[in-house]
Amino acid sequence: MNRHLLFPLALLVVTGCSSPPNQVVPFRDGVLRAVTYVQATDYCSARNATPKWLGRAPAESGVLFQCIAD
């Protein structure tokens with residue numbers, strides 16, 4: 001493999017691994033976690049629901065919420 005290709009490839013891998021997650025993940029008992037309030041609102045809106053805010057996620061890693069049907 002060309003040595004000039006390895007550096008940009010390695011740089012791409014490093015920068016890709018350091019980006020924050022941009023997704024909603026199940027947390028526990030129907031509670032979901034999102035990185036931002038906007039992501040949580042968009043997630044619930046796509047399901048025709050309203051977010052119910054439950055507070056900050058542990059280690060301030062986002063927000064906890066549930067989607068409540070309209």
Cluster check Val25, Tyr43: I/L/V/M/F/W/Y, side chain < 4.5 angstrom:
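As far as the 4.5 Å side-chain criterion goes, Tyr43 and Val25 are not connected within one cluster.
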same_hphob_cluster(Val31, Val35) at 4.5 Å side-chain heavy-atom cutoff:
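No: no chain of side-chain contacts under 4.5 Å links Val31 to Val35.
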How close do [X] and [Y] get, counting heavy atoms only, and between which atoms?
X	Y	result
Leu32	Pro26	CD2-CA, 3.8 Å
Ala57	Arg33	CB-CD, 3.6 Å
Gln66	Gly30	CG-O, 3.5 Å
Cys67	Ala49	CB-CB, 3.9 Å

Measure the shortest side-chain to side-chain distance between Arg56 and Val63 over non-hydrogen atoms and say whether it is less than 4.5 angstrom.
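Touching, per the 4.5 Å side-chain cut-off.
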Side-chain contact test, heavy atoms from C-beta onward, threshold under 4.5 Å: evaluate it for Leu64 versus Arg28 and give yes or no.
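Counting from C-beta outward, Leu64 and Arg28 do come under 4.5 Å.
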Applying side chain to side chain contact (heavy atoms under 4.5 Å, CB included), run through Lys52 and Leu54 and close with a yes or a no.
CA-CA 6 Å; Lys52 175 183 174 188; Leu54 302 174; 4.1 Å; yes
